[in-house]
Amino acid sequence: SQTIHQWPATLVQPVGSPLSLECTVEGTSNPNLYWYRQAAGRGLQLLFYSVGIGQISSEVPQNLSASRPQDRQFILSSKKLLLSDSGFYLCAWSVLHRGYEQYFGPGTRLTVT
Amino acid sequence: KNQVEQSPQSLIILEGKNCTLQCNYTVSPFSNLRWYKQDTGRGPVSLTIMTFSENTKSNGRYTATLDADTKQSSLHITASQLSDSASYICVVSAGIGNDMRFGAGTRLTVKP
């Protein structure tokens, strides 16, 4: 069966510090991978998606970046966090033979202070 | 303007009561529509998926309807339970299905 992992579960970082969130998927090959952010009480905002190793598409220009060094690993990074980067970050995967239904990870709660 | 609009934004009901959540969309070309349930602090989990030709689909106490002509969907929850308290997100896929548009969600609170 397929599983998706995200870590850390919670993170408190000061403004200006770097960020690295990791997401890994098990049990499937060549998935599409996604990073979303959800501000408090708001809907999901797609940040990045990837259809393969090294292939990243950015939906929203900002101080965040994403990388996919391995087929089932997706990393969200920032060199300098802003207060507005606080939120709930969700990673998701999808594959063609499941109709591109997205399966979400448990999320990372990021608070920038 | 968001291509997927959900209403109401929030809803409070008593345990055991029924409720209906609405989703209107303008996404085109339509591929499918999904309803997700998101518990607080967790990732969303799919409840139902409906394609163009389907107008009703049930998953236990959850029943989704789709009117592709008016581009409206509803999620009906029967005999609500405390565990139904969550955000319900409508997601419409366009094209071949990998272009997904998310609604802002309806926050449902079930009180005893």
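Sequence lines set the chain letters: A, B, ... in the order given, protein chains first and strands last, and positions in each chain run from 1.
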For A:Q45, which atoms come within 4.5 Å of any heavy atom of chain B: side chain, backbone, both, or neither? neither
Which atom pair, heavy atoms only, marks the closest approach of B:G41 to A:R109? CA-NH2, 4.4 Å
Which bit of B:Q6 comes within less than 4.5 Å of chain A, counting heavy atoms only: side chain, backbone, both or neither? neither
Neighbour count above 12 (heavy atom, 6.0 Å) for B:R42 CZ: no
With the 4.5 Å side-chain cut-off for hydrophobic clustering, are A:Y103 and A:L33 part of the same group? yes
Are A:F88 and A:F104 joined in one hydrophobic group, where the rule is that I, L, V, M, F, W and Y side chains link up if heavy atoms are under 4.5 Å apart? yes
Indicate, with yes or no, if B:L11 and B:L14 share a hydrophobic cluster defined by side-chain heavy-atom contacts under 4.5 Å among Ile, Leu, Val, Met, Phe, Trp and Tyr. no
Side-chain heavy atoms under 4.5 angstrom apart, residues restricted to Ile, Leu, Val, Met, Phe, Trp, Tyr: same cluster for A:L21 and A:F74? yes
Distance in Å, B:R101 CZ paired with A:L46 CG, rounded so as to fall on 0.5 Å steps: 9.5 Å
At what distance, to the nearest 0.5 angstrom, does CD of A:Q102 lie from CZ of B:F102? 4.5 Å
Engaged part of A:L90 at the chain B interface, taking heavy atoms whose separation is under 4.5 Å: side chain
Nearest 0.5 Å, what's the OH-CE distance between A:Y36 and B:M100? 5.5 Å
Can you hop from A:Y89 to B:V91 via hydrophobic side chains spaced under 4.5 Å? no
